[in-house]
Amino acid sequence: MTQFVHSLFNKNKSKEVFLGDEFDENSDEIENFPTEDQLLDECEKTYRAFLFKIEDHLHNIQKEAFERDQNCMRLIMKRLKNRVKTL
């Protein structure tokens, strides 16, 4: 088993995880809360999954930013045309 090393998972620091409502994904009440190790394992899995798809996330951010900038430029050009018409 590979040890996951990250400052977020430093064993010497206290950790607090907010679970939200006390219900699981099936809307069943949680009676036995996960241990600290189980919570850290789930956090690690989520973090690794995010890192595994980081290129996809960055691509989506770039695409959305480009589309937003294009829309802004269209609005600016439209306003400039309207101002020129009124002169």
Side-chain angles (χ1 to χ4, degrees):
M1 181 171 142
T2 304
Q3 182 67 29
F4 184 76
V5 180
H6 191 282
S7 61
L8 185 64
F9 302 104
N10 185 337
K11 294 284 185 188
N12 297 327
K13 292 184 179 179
S14 62
K15 295 159 221 61
E16 184 175 333
V17 178
F18 175 70
L19 293 175
D21 293 330
E22 296 179 356
F23 297 92
D24 64 15
E25 60 275 359
N26 299 322
S27 299
D28 296 327
E29 189 170 357
I30 298 173
E31 295 179 14
N32 298 321
F33 290 96
T35 65
E36 185 175 300
D37 285 340
Q38 289 171 325
L39 291 172
L40 288 174
D41 286 344
E42 286 301 315
C43 187
E44 176 186 346
K45 286 179 193 174
T46 302
Y47 187 65
R48 284 183 184 269
F50 172 77
L51 290 178
F52 182 74
K53 293 193 171 215
I54 191 73
E55 292 296 325
D56 293 336
H57 297 307
L58 292 175
H59 175 73
N60 290 337
I61 291 168
Q62 290 172 330
K63 181 181 171 191
E64 290 172 14
F66 179 75
E67 289 170 356
R68 185 193 65 233
D69 289 348
Q70 276 189 319
N71 289 335
C72 287
M73 287 303 293
R74 283 188 194 111
L75 289 173
I76 290 170
M77 294 304 292
K78 186 176 180 179
R79 287 182 184 172
L80 287 174
K81 285 180 183 179
N82 288 338
R83 285 185 184 172
V84 169
K85 286 180 186 178
T86 59
L87 293 178

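Quick note: numbers below take in every heavy atom, side chains included, and nothing from hydrogens, waters or symmetry partners.
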Legend entry - ring-ring contact (aromatic ring centres under 6.0 Å, His included) contacts in which one or both residues fall within residues 48-69, not counting sequence neighbours: Phe50-His57

Inset, instruction - Could you tell me which residues satisfy salt bridge (charged side-chain N to carboxylate O under 4.0 Å, His left out) with Lys45, sequence neighbours excluded, listed by chain and number? - result: Glu42

Inset, instruction - Please identify each residue that fulfils side chain to side chain contact (heavy atoms under 4.5 Å, CB included) with Thr35, with sequence neighbours left out. - result: Asp37, Gln38

Legend entry - Pairing residues for Ile61 by the side chain to side chain contact (heavy atoms under 4.5 Å, CB included) criterion, not counting sequence neighbours: none

Legend entry - Other cluster members, Met77 - Ile/Leu/Val/Met/Phe/Trp/Tyr, side-chain contacts below 4.5 Å: Met73, Ile76, Leu80

Inset, instruction - Would you list the pairs meeting side-chain hydrogen bond (donor to acceptor under 3.5 Å, both in side chains) in which at least one residue belongs to residues 67-81, sequence neighbours left out? - result: Asn71-Arg74

